[in-house]
Amino acid sequence: MKICDKIEDVRKQVKEWKKEGLTIGFVPTMGYLHEGHRSLMEAARKENDKVVVSIFVNPMQFGPTEDLDSYPRDLDKDAVLCEGVGVDLIFHPEPQEMYPEGFCSYVDMNGLTTELCGKTRPTHFRGVQTVVLKLFHIVTPDNAYFGQKDAQQLAVIRRMVKDLSLDVTIHGCPIVREEDGLAKSSRNTYLNEKERKAALILSQSLAVGKELIASGETDASRIKQAIADKIATEPLARIDYVDVVDFDTITPVDTISGSTLVAIAVYIGKTRLIDNFIL
Ligand code: AMP
């Protein structure tokens, strides 16, 4: 397994693979890898000749008061996990390599990024789109793998690929959870013991919503209210949003029909966690 920190080195390797007619699967990450990331890499491993993983804590997708500096990093451990899955190349650039002095080009979107996480993180998706497009140009993958854990991100990337006619197939992969239901996340490491227990309220409240829908409820406001009421039973939890949107357009729906995303963001202490389910 190669580890490259320069764009040119990745390009050189990818060109050699392409000359041999090999397909490339790509998994973009911010590192501190866990089973959720591993599931994406395994899907990529199964469906491609070569697998590239990027590990880059992208400053552009963090707001000024967010956790860029404290975001967990452990390249050595990440490399062991990647090697175990059979990854062929890790791209681990420094911010300066991705955004050299004078950098001023961005990818933006008018729809899809205003609701959910876009409300409290207004510059987040611009940072995500810009870095992902740049990574796609560097790695030129045939297939790229994203987790449904970040459902809005998945919808935004799909839209960007369609709108800009990018020659890559996007694969959405299911949420991987801890045994007790908490969605795996690099940010779970911020939680102390009490908060870790409190964080179960995310998956538990979504389960309440799911049950309600299974019993025949289609009114989005009643579903949102039931989820919010459940979250309110946990004293350490503070709601950022509870929303029901169309999964393709990320616009609010009043009644559930078709492909619907039920998504929440909740602060547990100072840590902001997200979770969702898609109907
Ligand atoms: P991140 O390192 O948090 O930027 O995540 C990199 C990729 O891993 C994104 O496509 C995430 O959606 C995906 N991912 C993160 N956590 C999970 C999880 N628990 N299950 C499935 N995919 C995940």
Side-chain angles (χ1 to χ4, degrees), residues 25-47 51-63 66-68 70-75 77-79 81-82 85 87 90-93 95 98 116-117 121 124-136 139 141 143-161 168-191 196 199-200 202-203 206 247 250 261 263-266 271-278:
F26 177 45
V27 182
T29 81
M30 296 208 299
Y32 215 72
L33 304 176
H34 50 66
E35 297 294 314
H37 300 111
R38 188 208 291 267
S39 71
L40 309 187
M41 293 178 202
E42 281 169 350
R45 181 66 284 163
K46 259 191 216 141
E47 297 164 7
V51 176
V52 176
V53 172
S54 63
I55 296 178
F56 179 56
V57 182
N58 175 31
M60 203 192 284
Q61 70 189 68
F62 287 78
E66 292 180 356
D67 57 342
L68 174 61
S70 55
Y71 197 86
R73 294 157 166 93
D74 190 342
L75 181 62
K77 203 165 147 233
D78 288 349
L81 192 146
C82 289
V85 181
V87 168
I90 294 177
F91 178 42
H92 178 252
M98 292 295 274
L116 309 182
C117 293
R121 308 185 75 192
H124 173 68
F125 289 107
R126 180 169 104 141
V128 170
Q129 286 169 252
T130 303
V131 81
V132 169
L133 182 68
K134 184 157 173 138
L135 289 167
F136 281 176
V139 178
N143 297 292
Y145 297 80
F146 291 83
Q148 189 197 302
K149 160 90 186 337
D150 299 271
Q152 187 175 16
Q153 170 175 280
L154 174 58
V156 164
I157 297 298
R158 282 199 167 127
R159 187 76 239 176
M160 177 180 82
V161 165
V168 55
T169 304
I170 303 301
H171 300 260
C173 303
I175 302 177
V176 176
R177 296 177 180 280
E178 303 285 354
E179 264 179 32
D180 60 8
L182 178 66
K184 298 235 183 201
S185 165
S186 308
R187 289 191 168 95
N188 290 349
T189 53
Y190 296 151
L191 303 169
R196 172 63 184 80
L200 285 181
L202 279 93
S203 54
L206 286 176
F247 181 42
I250 313 289
L261 167 66
I264 61 175
V266 178
T271 305
R272 183 176 174 280
L273 300 174
I274 57 173
D275 202 348
N276 69 77
F277 64 88
I278 294 168

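In listed order, ligands and their atoms are each counted from 1.
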Using a strict cut-off of 4.0 Å, indicate which atoms of ligand 1 neighbour a heavy atom of Lys149.
-> 16 (N), 17 (C), 18 (C), 23 (C)
Side chains of Phe26 and Val168: closer than 4.5 Å at any heavy-atom pair?
-> no
Between Met41, Glu35, Met30, flag the one that comes closest to atom 4 (O) of ligand 1 by a heavy atom.
-> Met30
Please identify which atoms of ligand 1 are closer than 4.0 Å to at least one heavy atom of Leu40.
-> 7 (C), 8 (O), 10 (O), 13 (C)
If you round to the nearest 0.5 Å, how far is NE2 of His124 from CG of Asn58?
-> 9.0 Å
Distance to 0.1 Å, residue and atom name: give those for the protein heavy atom nearest to atom 20 (N) of ligand 1.
-> Val176 N, 2.9 Å
Closest to atom 6 (C) of ligand 1 by heavy-atom distance, out of Ala151, Gly147, Pro28, Ala183, is Pro28
Determine whether any heavy atom of Gln153 lies closer than 4.0 Å to an atom of ligand 1.
-> yes
Purely on distance, is any nitrogen or oxygen of Ser186 under 3.5 Å from one on ligand 1?
-> no
Any N/O pair Asp150/ligand 1 closer than 3.5 Å = yes
For Phe62 and Met30, what are the C-alpha separation, side-chain angles and deciding distance, and is it a side chain to side chain contact (heavy atoms under 4.5 Å, CB included)?
-> CA-CA 12 Å; Phe62 287 78; Met30 296 208 299; 3.9 Å; yes
Classify the ring geometry between Tyr145 and His171 as parallel (under 30°), tilted (30 to 60°) or perpendicular (over 60°).
-> parallel
Looking only at protein heavy atoms, identify the closest one to atom 21 (C) of ligand 1 and say how far it is in Å.
-> Pro174 O, 3.4 Å
Whether Asp150 side chain and Gln153 backbone form a donor-acceptor pair below 3.5 Å | no
Closest heavy-atom approach to atom 2 (O) of ligand 1 among Arg187, His34, His37 is made by His37
Pick, from Phe56, Tyr71, Phe146, the option with the minimum heavy-atom distance to atom 3 (O) of ligand 1.
-> Tyr71
Taking both backbone and side-chain atoms of Gln148, is any N or O found less than 3.5 Å from an N or O belonging to ligand 1?
-> no
Candidate list Val132, Leu40, Val27, test side-chain contact (heavy atoms from CB on, under 4.5 Å), partner Phe146, passing option = Val132
Electrostatic pair Glu42-Arg45, nearest N-O below 4.0 angstrom = no
To the nearest 0.5 Å, tell me how far Ile274 CD1 sits from Gln152 CD.
-> 8.5 Å
Counting N and O atoms only, with roles assigned by atom type, does the side chain of Asp275 sit under 3.5 Å from a partner on the main chain of Leu182, one being a donor and the other an acceptor?
-> no
Numbered atoms and elements of ligand 1 in range of Lys184, under 4.0 angstrom, heavy atoms = 16 (N), 17 (C), 18 (C), 19 (N)
